[in-house]
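Worksheet: one structure, shown below.
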Amino acid sequence: MPTPAPENDADYLAAYLDQSRQIMRDLRAARAAIQQVEGRAGSDDGLVEAAADGQGGLTRLRIDPRAMRLSEREFGRKVTAVLQEAQANAERQALEIADKVKGRTLPEPLDETFVRQRVEQAARDLYI
């Protein structure tokens, strides 16, 4: 937003506040959406299924009893791969949500130079 002329200060500040509120609403909505994310994955043979939340935490793990017939090494690899895939899926979803609000920034705040100019202008206007 360009710096306003003195007669437009009130409109500028109102627009600044509106934009700030909208950005905050968007950020809260994104945070809520990320909390609802669920990344899912399953092994090709259907023996292991998992789900993870938007922070990468495990929310569900289902292991078919037939998976116990696998060797310890194969079982561990299968479970690890499914967990990692579920977490990666959740991460992708969370990043997509975050990317939508990532570039949202407020205009530069008014600095002391701007305020000083406005005060000096008001003082000049009083003497005219």
Checklist line | Residues that Asp64 engages under side-chain hydrogen bond (donor to acceptor under 3.5 Å, both in side chains), provided they are two or more places apart | finding: Arg66
Margin query: So which atom in Ala41 and which in Ala86 form the shortest heavy-atom distance, rounded to 0.1 Å?
Written below: CB-N, 3.5 Å
Note to self: Same cluster or not: Tyr12 versus Ile23, using hydrophobic residues (I, L, V, M, F, W, Y) connected whenever any side-chain heavy atoms lie under 4.5 Å apart?
What the structure shows: yes
Margin query: Any heavy-atom pair between the side chains of Arg31 and Gln35 that's under 4.5 Å?
Written below: yes
Check: Roughly how far, to the nearest 0.5 Å, is the CG atom of Asp125 from the CD atom of Glu120?
Finding: 12.0 Å
Next item on the list: Please check if atom CG in Asp44 has more than 12 non-hydrogen atoms from other residues, nucleotides or ligands closer than 6.0 Å.
Entry: no
Notebook entry, point to check: Can you check whether Arg40 reaches Glu85 side chain to side chain, under 4.5 Å on heavy atoms?
Noted result: no
Item checked: Salt bridge flag under 4.0 Å for residues Asp26 and Lys100 -> no
Next item on the list: Taking atom CD of Glu72 as the centre, report whether more than 12 heavy atoms of other residues, nucleotides or ligands fall under 6.0 Å from it.
Entry: no
Next item on the list: Check the pair Glu38 / Gln93 against side-chain contact (heavy atoms from CB on, under 4.5 Å), numbers first and verdict last.
Entry: CA-CA 8 Å; Glu38 182 179 62; Gln93 292 178 51; 5.8 Å; no
Checklist line | Spacing of Gln19 atom CD and Gln22 atom CD [to the nearest 0.5 Å] | finding: 9.5 Å
Checklist line | Arg25, CZ atom: more than 12 neighbouring heavy atoms under 6.0 Å | finding: yes
Check: Taking ILVMFWY side chains as joined if any heavy atoms are under 4.5 angstrom apart, and letting links pass through other members, which residues group with Val82?
Finding: Leu47, Val48, Leu58, Leu61, Ile63, Met68, Leu70, Phe75, Val79, Leu83
Check: What pair of heavy atoms forms the shortest contact from Ala90 to Ala52, and how long is it?
Finding: CB-O, 3.7 Å
Next item on the list: Each residue besides Ile34 in its hydrophobic cluster should be listed here, by chain and number; the cluster joins Ile, Leu, Val, Met, Phe, Trp and Tyr at side-chain heavy-atom distances under 4.5 Å.
Entry: Val37, Ile97
Checklist line | Considering all heavy atoms, the nearest Gly46-Arg62 contact | finding: O-NH2, 2.6 Å
Notebook entry, point to check: Do side-chain atoms of Ser43 reach the backbone of Lys78 as a donor and acceptor pair under 3.5 angstrom?
Noted result: no
Checklist line | Contact summary for Gly39 and Asn89, nearest pair of heavy atoms | finding: CA-OD1, 3.5 Å
